[in-house]
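Beneath this line is the structure, given in C-alpha cells, with notes to follow.
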Amino acid sequence: QVQPVESGGGLVQAGGSLRLSCAAVRRIFSSSWTGWFRQVPGKDREFVAAIRWNDGNTNYADSVKGRFTISRDNAANTVYLQMNSLKPEDTAKYFCADDNRYSTTHVAGFYNYWGQGTQVTVSS
C-alpha cells in the first residue's frame with residue numbers, strides 16, 4: 001500500500017460525532033508521525049491533529065482541542081480521529097497525511113504520503 005486510505009466521513013448534525021479511520025502505509029520509522037488535515041474549497045489545507053507511532057505523542061490545532069481525539073492502533077497500522085461536538089465550521093474534506101519523520105507536524109510539506117480524503121459535512 002503506497003497511499004493511506006481514509007474512511008468514516010459523512011453528514012452529521014451540529015453537536016454530533018464522527019470517527020475517521022486511516023489505514024496507514026507500511027511503517028518504516030517507528031518515530032514517524034501520521035496526521036489529519038482538512039480543506040475547504042478555495043482555502044489552504046489546515047492542520048487538525050497528528051500522532052507519533054512509537055509513543056503516542058499527539059499535537060492538535062487549537063480549533064479542535066478538547067473536541068477531537070487522535071489515536072492509533074499499531075497492530076492494525078491504523079490511525080483514528082474521533083470528532084465530538086462537531087460544528088458547521090468543521091465541514092471540510094479530511095485528509096490523512098502519513099510518514100512525517102520530523103516533529104513539525106502542522107506543516108503539510110513534511111508528510112510523504114497523502115490519502116484521497118473523506119468528506120465531513122456538519123449541518124446547523
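All figures in this text were calculated on a predicted structure; none of them were measured in a lab.
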task: Might you point out which heavy atoms bring A14 and S124 nearest each other, and give the distance in Å?
output: CB-CA, 4.4 Å
query: Shortest non-hydrogen contact from D98 to P4?
result: CB-CG, 4.1 Å
message: Listing request: all ring-ring contact (aromatic ring centres under 6.0 Å, His included) pairs with a residue in residues 35-57, at least two apart in sequence or in separate chains.
response: F37-F47, F37-Y111, F37-W114
- prompt: Taking T91 for the side chain and V122 for the main chain, is one N or O donor matched with an acceptor at less than 3.5 Å?
  reply: yes
- prompt: Which distance, rounded to the nearest 0.5 Å, do you find between the CG of L11 and the CD of Q119?
  reply: 10.0 Å
- line: By side chain to side chain donor-acceptor pair (under 3.5 Å), N100 pairs with (sequence neighbours left out) none
- prompt: Among all residues two or more places apart in sequence or in another chain, which pass the side chain to side chain contact (heavy atoms under 4.5 Å, CB included) test with T58?
  reply: I51, Y60, I70
statement: Heavy-atom nearest pair, Y94 first then R38, reads OH-NH1, 2.9 Å
query: If only atom types and distance count, is the side chain of N59 paired as donor or acceptor with the main-chain N or O of H106 below 3.5 Å?
result: no
message: Using the side chain to side chain contact (heavy atoms under 4.5 Å, CB included) criterion, which residues pair with D62? Sequence neighbours excluded.
response: K65
task: Would you name the heavy atoms of G9 and L20 that are closest together and state the gap between them?
output: N-CD2, 3.6 Å
field: Residues that, via side-chain heavy atoms closer than 4.5 angstrom, fall in one hydrophobic cluster with V40
entry: none
- line: On a heavy-atom basis, the closest approach of L86 and V12 is CD1-CG1, 3.6 Å
Apart from Y102 itself, residues in the same hydrophobic cluster as defined by side-chain heavy atoms under 4.5 Å: V107, F110
- prompt: How many angstroms lie between atom OG1 of T34 and atom CG of L81, to the nearest 0.5 angstrom?
  reply: 12.5 Å
message: For R45, give me all partners under salt bridge (Lys or Arg N to Asp or Glu O under 4.0 Å), at least two apart in sequence or on another chain.
response: none
message: Applying side chain to side chain donor-acceptor pair (under 3.5 Å), can you list everything that pairs with R67, at least two apart in sequence or on another chain?
response: D90
- prompt: Which residue pairs satisfy the salt bridge (Lys or Arg N to Asp or Glu O under 4.0 Å) criterion with at least one member in residues 101-116, sequence neighbours excluded?
  reply: D99-R101
query: Between the main-chain N or O of G117 and the side-chain N or O of E6, is there a donor-acceptor pair closer than 3.5 Å?
result: yes
- prompt: Tell me, which pairs form a disulfide bond (SG atoms under 2.5 Å apart) where one or both residues lie in residues 12-46, sequence neighbours left out?
  reply: C22-C96
With N74 via side chain to side chain donor-acceptor pair (under 3.5 Å) - residues at least two apart: R72
statement: Sequence neighbours excluded, the answer for side chain to side chain contact (heavy atoms under 4.5 Å, CB included) partners of E89 is K87
field: T78 side-chain N/O to A76 backbone N/O, donor-acceptor pair under 3.5 Å
entry: yes
- prompt: Quick one: CG on N54 to OG on S31, what's the gap to the nearest 0.5 Å?
  reply: 5.5 Å
message: Check this for me: D55, atom CG, are more than 12 non-hydrogen atoms of other residues, nucleotides or ligands nearer than 6.0 Å?
response: yes
